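Here the structure comes first, spelled out in structure tokens, and everything after it is commentary.
Every chain is numbered from 1, with letters handed out A, B, ... down the list of sequences. These figures come from a predicted structure and were not determined experimentally.
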There are 2 protein chains.
Amino acid sequence: MGPSVERRPPVMADVARLAGVSHQTVSRVLNDHPNVRAETRTRVMRAIDQLGYRRNLVARALVTKHSRTLGVVSFDTTLYGPASTVYGIEQAARDAGYFVSIVSLRTIDRAGVNDAIGYLAEQGVDGIVVVAPQRSAARALDDLPAGMPAVAVEGWHQGDVSVVSVDQVEGARLATSHLLGLGHETVWHVSGPADWLEAEGRCEGWRAVLTEAGRRVPDLLTGDWSPRSGYQAGKHLAAMVGDVTAVFVANDQMALGLLRAFTEEGVKVPEQISIVGFDDIPESEFFSPPLTTIRQDFGAVGRRSIDVLLRQIESSESLPHERLVVPPQFVRRGSTTGVR
Amino acid sequence: MGPSVERRPPVMADVARLAGVSHQTVSRVLNDHPNVRAETRTRVMRAIDQLGYRRNLVARALVTKHSRTLGVVSFDTTLYGPASTVYGIEQAARDAGYFVSIVSLRTIDRAGVNDAIGYLAEQGVDGIVVVAPQRSAARALDDLPAGMPAVAVEGWHQGDVSVVSVDQVEGARLATSHLLGLGHETVWHVSGPADWLEAEGRCEGWRAVLTEAGRRVPDLLTGDWSPRSGYQAGKHLAAMVGDVTAVFVANDQMALGLLRAFTEEGVKVPEQISIVGFDDIPESEFFSPPLTTIRQDFGAVGRRSIDVLLRQIESSESLPHERLVVPPQFVRRGSTTGVR
DNA sequence: CAGGGTTGTGTTAACGCTCACAGTTCTTGC
DNA sequence: GCAAGAACTGTGAGCGTTAACACAACCCTG
């Protein structure tokens with residue numbers, strides 16, 4: 001019946017017409033430009049919510065060349081660590097007025113990360129955070145699109161990109177020293193999978209402390225971060241009670257697996273074997289026994305990485321790349337005790 | 001020295017010039033339109049990667065009115081459930097060629113969800129998934145921008161928006177029936193916080209089974225999903241061993257808290273009290289004892305919700321809203337046993 | 001009350017792409 | 001060998017916004 005049945009969403013020009021001003025004035029009101037008469041401003045505002053107008057950020061991005069969107073590339077955001085980091089990133093970004101577009105990789109390799117970065121670049125993100133805990137993934141940062149601001153989280157410090165990470169080596173030192181300080185002859189280690197930078201860092205810290213103290217460095221056991229792999233390592237270690245009195249496990253989930261294996265084999269924790277984990281997942285405090293562990297402040301890592309990235313985006317020239325390190329924190333609970 | 005030092009990223013016109021064709025032909029190659037001579041196509045392709053050209057999806061979105069981006073609004077993506085759901089959503093979306101822009105709320109209320117939806121709408125998303133496990137949040141879906149395709153996950157089925165969820169009531173029935181089937185007189189319940197739809201559904205299923213079997217419905221205990229709240233409930237229940245022989249806990253994290261409290265109080269699981277959890281987080285299998293629980297297939301929920309949403313986006317007229325239910329799965333482990 | 005600045009507003013041209021349509025060239029059949 | 005159609009390619013406009021500039025109206029100050 002009416003002149004046009006199909007209703008398209010209102011645009012700036014519609015608001016302008018209704019308010020009796022030019023579209024540019026509407027734009028000025030929206031970007032709260034100073035030089036608009038108060039009376040005009042309210043007239044425009046009234047027109048805006050009369051029409052239910054929302055500005056089209058896509059059109060805006062086209063002309064300003066800024067989408068106010070950040071890209072995040074991560075791996076398996078189902079895990080507590082990545083999930084918390086991404087959460088921290090998202091919060092910090094939104095507080096700064098940015099959107100977050102996320103790509104969560106199933107498997108992580110250079111090609112995959114590169115693709116993801118490419119997609120995000122096409123989409124016009126202003127900067128990219130790569131949560132790149134593996135060597136192979138971190139290497140993908142070498143071929144970023146020219147001029148794309150980026151920051152690596154838990155990545156490698158080589159190459160010319162800023163990195164924000166928890167000090168893994170220090171965390172491992174805390175864990176290992178704690179156990180030696182309790183009087184244990186040496187400390188065993190169940191590490192994360194090869195190629196993971198975090199696994200390497202934790203292994204390095206553990207080995208360093210033992211070496212510095214002149215202790216025997218036992219054979220390394222390797223898991224894949226899963227409770228199951230910890231369980232398997234635990235079965236292996238349980239067979240060596242007496243020889244093994246202290247274990248530093250590279251994450252809390254594997255530590256849970258160890259705990260389970262020890263329970264099954266009748267090995268008492270901490271009486272016969274002390275265990276230290278890493279991460280401090282929310283569950284750790286309620287393991288039996290509650291787990292002594294190293295807390296990583298993932299939220300802080302996320303926030304810091306956004307700080308670095310935004311500084312890079314908002315300054316015109318390219319800043320020198322920095323390396324930010326968030327300290328880990330030792331959390332003493334019931335899974336460790338001194339030797340008799 | 002050169003004509004221009006400042007290098008701006010190449011655009012379609014640059015590619016066209018280099019390949020000796022019009023910008024439109026470049027566009028056709030990019031969108032693999034059929035009517036382009038093979039020779040022309042390769043010439044354009046060569047020009048594209050000679051210049052390192054990437055198309056500008058923002059400009060494309062401006063004219064097509066489709067950003068190929070989906071918005072996701074969620075609450076605390078640090079928790080295993082939401083994190084897994086969002087992961088499933090992201091995977092499914094990317095497989096379908098869509099980006100995902102995520103907004104993760106700190107606190108969840110109608111205003112917050114509304115704001116988030118507003119932001120996403122401005123940004124030009126083609127559709128929105130709201131992971132709205134609370135009544136208050138679900139209600140925000142009532143005032144969606146007109147014509148915006150949307151789907152609720154774990155939400156309320158009222159209002160005219162499609163909903164995808166795990167059948168919470170059925171899950172609770174499975175858990176409760178299992179315990180009754182083992183010969184327990186009745187089953188206690190530690191529920192999630194009020195206002196959470198999942199908590200309500202689980203409570204409803206539990207109560208229904210007890211009522212149908214003509215059993216006494218014990219006082220309800222309420223937690224907040226955290227292990228700590230489970231621990232507190234556990235302390236309370238431990239004081240009533242003998243009276244209490246079976247507990248259905250609304251999630252695995254709280255179940256862990258119960259387990260810890262029972263261990264401290266010397267209550268044996270499952271010998272004195274049987275426990276069933278909900279979620280099947282990766283840790284549950286390695287609790288002591290391994291937890292009998294109800295598995296939710298979060299990945300499936302994510303995928304299904306994207307299916308529904310894309311169908312809505314890609315069909316021009318508005319489809320009737322549907323209600324998709326993903327069945328839960330009972331997982332028997334060591335935390336439950338029959339009464340002597 | 002002339003002239004310089006400030007303040008408020010409008011006009012026009014991009015931004016980089018796709019769509020609609022108008023050409024052009026190549027097939028094909030008789 | 002030539003019309004008729006199919007296959008390919010080019011031209012121009014426009015998506016909704018901001019930037020740059022132009023211009024009007026108003027304030028001062030001397």
Are [X] and [Y] ion-paired here, with the side-chain N under 4.0 Å from a carboxylate O?
X: B/Arg8; Y: B/Asp14; value: yes
X: B/Asp142; Y: B/Arg139; value: no
X: A/Arg106; Y: A/Asp76; value: no

Whole angstrom value for the distance that separates [atom2] of [N] from [atom1] of [X]:
X: A/Asn35; N: C/dG5; atom1: CG; atom2: C1'; value: 13 Å
X: B/Arg37; N: C/dT27; atom1: CZ; atom2: C1'; value: 14 Å
X: A/Asn56; N: C/dC15; atom1: CG; atom2: P; value: 18 Å
X: B/Glu39; N: C/dC26; atom1: CD; atom2: C1'; value: 15 Å
X: B/Ile48; N: C/dC17; atom1: CD1; atom2: C1'; value: 14 Å
X: A/His23; N: C/dA14; atom1: NE2; atom2: C1'; value: 12 Å

Check the phosphate of [N] against [X], side-chain N and O only, distance under 4.0 Å to OP1 or OP2. Yes or no?
X: B/Arg60; N: C/dT18; answer: yes
X: A/Thr25; N: C/dG10; answer: yes
X: B/Ser27; N: C/dT18; answer: yes
X: B/Lys65; N: C/dT18; answer: no

Name the first nucleotide and the last nucleotide along DNA chain D (5' to 3') that come under 4.0 Å of a heavy atom in chain A.
D/dG16 to D/dA20
Are the side chain of [X] and the backbone N or O of [Y] linked by a donor-acceptor pair below 3.5 Å?
X: B/Thr25; Y: B/Val21; answer: no
X: B/Thr64; Y: B/Arg60; answer: yes
X: B/Gln91; Y: A/Ser104; answer: yes
X: A/Glu154; Y: A/Val166; answer: yes

Where is the tightest heavy-atom contact between [X] and [Y], given as atom of each residue plus distance?
X: B/Val58; Y: A/Leu62; result: CG1-N, 3.7 Å
X: A/Tyr53; Y: A/Met12; result: CE1-N, 3.5 Å
X: B/Ala83; Y: B/Thr77; result: CB-O, 3.3 Å
X: B/Leu57; Y: B/Phe99; result: CD1-CE1, 4.0 Å

Which residues in residues 114-125 of chain B have a heavy atom closer than 4.0 Å to any atom of DNA chain C?
none
When A/Asn31 and B/Thr40 are each assigned the nearest nucleotide of DNA chain D, the 5'-most assignment goes to B/Thr40
What's touching nucleotides 20-22 of chain C from the protein side, N or O pairs under 3.5 Å?
| from | atom 1 | to | atom 2 | distance (Å) |
| --- | --- | --- | --- | --- |
| C/dA20 | N6 | B/Gln24 | NE2 | 3.2 |

With sequence neighbours left out, the residues meeting side chain to side chain donor-acceptor pair (under 3.5 Å) with A/Ser162 are none
May I ask you to check whether B/Asn31 and B/Arg55 show a side-chain donor-acceptor distance below 3.5 Å?
yes
For B/Val58, report the nucleic acid contact type (base, sugar-phosphate, nothing); a contact means any heavy atom under 4.0 Å.
nothing
Rounded to 10°, tell me the angle between the two end axes of the helix from C/dC1-D/dG30 to C/dC30-D/dG1, each built from five pairs.
30°
Show me the side-chain donor-acceptor pairs of residues 118-134 of chain A shorter than 3.5 Å, one per line, residues at least two apart or across chains.
| from | atom 1 | to | atom 2 | distance (Å) |
| --- | --- | --- | --- | --- |
| A/Gln123 | OE1 | A/Ser101 | OG | 3.3 |
| A/Gln123 | NE2 | B/Thr69 | OG1 | 3.2 |
| A/Asp126 | OD1 | A/Ser67 | N | 3.0 |
| A/Asp126 | OD1 | A/Ser67 | OG | 3.3 |
| A/Asp126 | OD2 | A/Ser67 | N | 3.4 |
| A/Asp126 | OD2 | A/Arg68 | N | 2.8 |

So which nucleotide from C/dG16, C/dG8, C/dT12 ends up closest to the side chain of B/Ala59?
C/dG16
